[in-house]
Amino acid sequence: MQLFVCESKEDIGEKVAALLIRQVQTKPNSVLGFATGRSPLETYDALAAAYARGVVSFKDVVTFNLDEYCGLTKTDANSYYAFMQKNLFSRADFRTENIHFLDGCAADDKAVCEAYRAEMQAAGGIDIQLLGIGTNGHIGFNEPSDAFTDGPFLVTLSQSTKNANGKYFADGSMPTHALTMGVGDILRAKKLIMIATGESKAKAIAAMVNGPVTPQCPASVLQTHRDVTVFLDAESAALLEGGIS
Ligand code: PGA
């Protein structure tokens with residue numbers, strides 16, 4: 001695991017975007033796994049800016065997002081599909097037919113999850129997967145539990161996640177369930193890039209890096225992947241054992 005402590009969120013965004021742009025310039029039909037939440041916002045700004053400057057095109061890029069809330073349609077402003085449209089897809093030349101999302105409104109969640117797994121496989125696997133981390137150590141919506149899950153699945157959101165994300169739902173209508181890639185799906189990506197900033201992530205980052213590999217801290221499983229790059233700020237890195245340079 002490679003760890004970098006950066007000056008600012010903007011600095012992280014520029015660095016992560018540079019890695020993604022290099023990937024796409026080298027392989028225009030790259031398969032990119034995207035994440036939602038606050039952590040990747042500066043990266044998406046930097047990608048949109050690079051597209052506007054003509055530095056990169058995403059027209060052949062295939063995308064898979066980590067997760068989606070159950071019960072929110074694509075047009076619901078709180079859906080992760082809408083988040084991606086607003087913060088990245090509509091700001092560059094991504095093609096709708098190349099965008100893959102778990103459908104949180106489908107009647108048959110098992111069929112949706114199986115199909116998503118098959119689509120990732122048919123696309124040749126994910127080249128780079130972006131990740132955030134929950135204050136409880138979740139990746140995607142893989143919440144602390146007794147076992148790691150392999151493929152996409154329906155998850156009951158933890159109280160910690162409801163506390164962290166409830167603020168986006170003004171009327172207390174935060175969904176209780178979501179569909180998420182499993183830990184196995186995340187580990188199958190060829191390269192993983194994690195972004196974490198702020199003091200609230202410090203405990204989870206320390207557990208991910210220095211703690212045992214355990215499904216009680218799902219992010220700790222990244223210790224078993226051979227190509228993980230983690231971008232932190234001083235606050236999120238504060239509890240790492242021995243510090244990092
Ligand atoms: P955040 O969420 O980027 O909004 O902090 C990360 C996560 O919960 O995985």
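Counting starts at 1 for both ligands and their atoms, in listed order. Heavy-atom basis, side chains included; hydrogens, waters and symmetry copies ignored.
- A donor-acceptor pair under 3.5 Å is formed between the side chain of Lys167 and the backbone N or O of Ala164.
- Taking every heavy atom of Gly37 and a limit of under 4.0 angstrom, the matching atoms of ligand 1 come to 3 (O), 4 (O).
- Aromatic ring pairs are classed by plane angle as parallel below 30°, tilted from 30° to 60° and perpendicular above 60°; the pair Phe58 and Phe94 is parallel.
- With respect to the salt-bridge test (charged N to carboxylate O, under 4.0 angstrom), the residues Lys191 and Asp227 qualify.
- Proximity of Ile205 to Leu232: side-chain heavy atoms (C-beta onward) are separated by under 4.5 Å at one or more points.
- Ion pairing of Arg188 with Asp150 is present here, as a side-chain N (NZ or NE/NH1/NH2) and a carboxylate O approach within less than 4.0 Å.
- Closest protein heavy atom to atom 3 (O) of ligand 1: Ser39 OG, 2.6 Å.
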Q: For Phe64 and Val31, run side chain to side chain contact (heavy atoms under 4.5 Å, CB included): C-alpha distance rounded to whole Å, both residues' side-chain angles, the deciding distance at 0.1 Å, then the answer.
A: CA-CA 8 Å; Phe64 288 88; Val31 182; 3.7 Å; yes
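- Taking every heavy atom of Gly132 and a limit of under 4.0 angstrom, the matching atoms of ligand 1 come to 9 (O).
- Counting heavy atoms closer than 4.0 Å to ligand 1, residue Ile133 contributes backbone atoms (N, CA, C, O) but none from C-beta onward.
- In this structure, the protein non-hydrogen atom closest to atom 9 (O) of ligand 1 is His138 NE2, 3.2 Å.
- Polar contact with ligand 1: present for Arg38 (N/O pair, distance under 3.5 Å).
- Lys201 NZ, 4.1 Å is the protein heavy atom nearest to atom 2 (O) of ligand 1.
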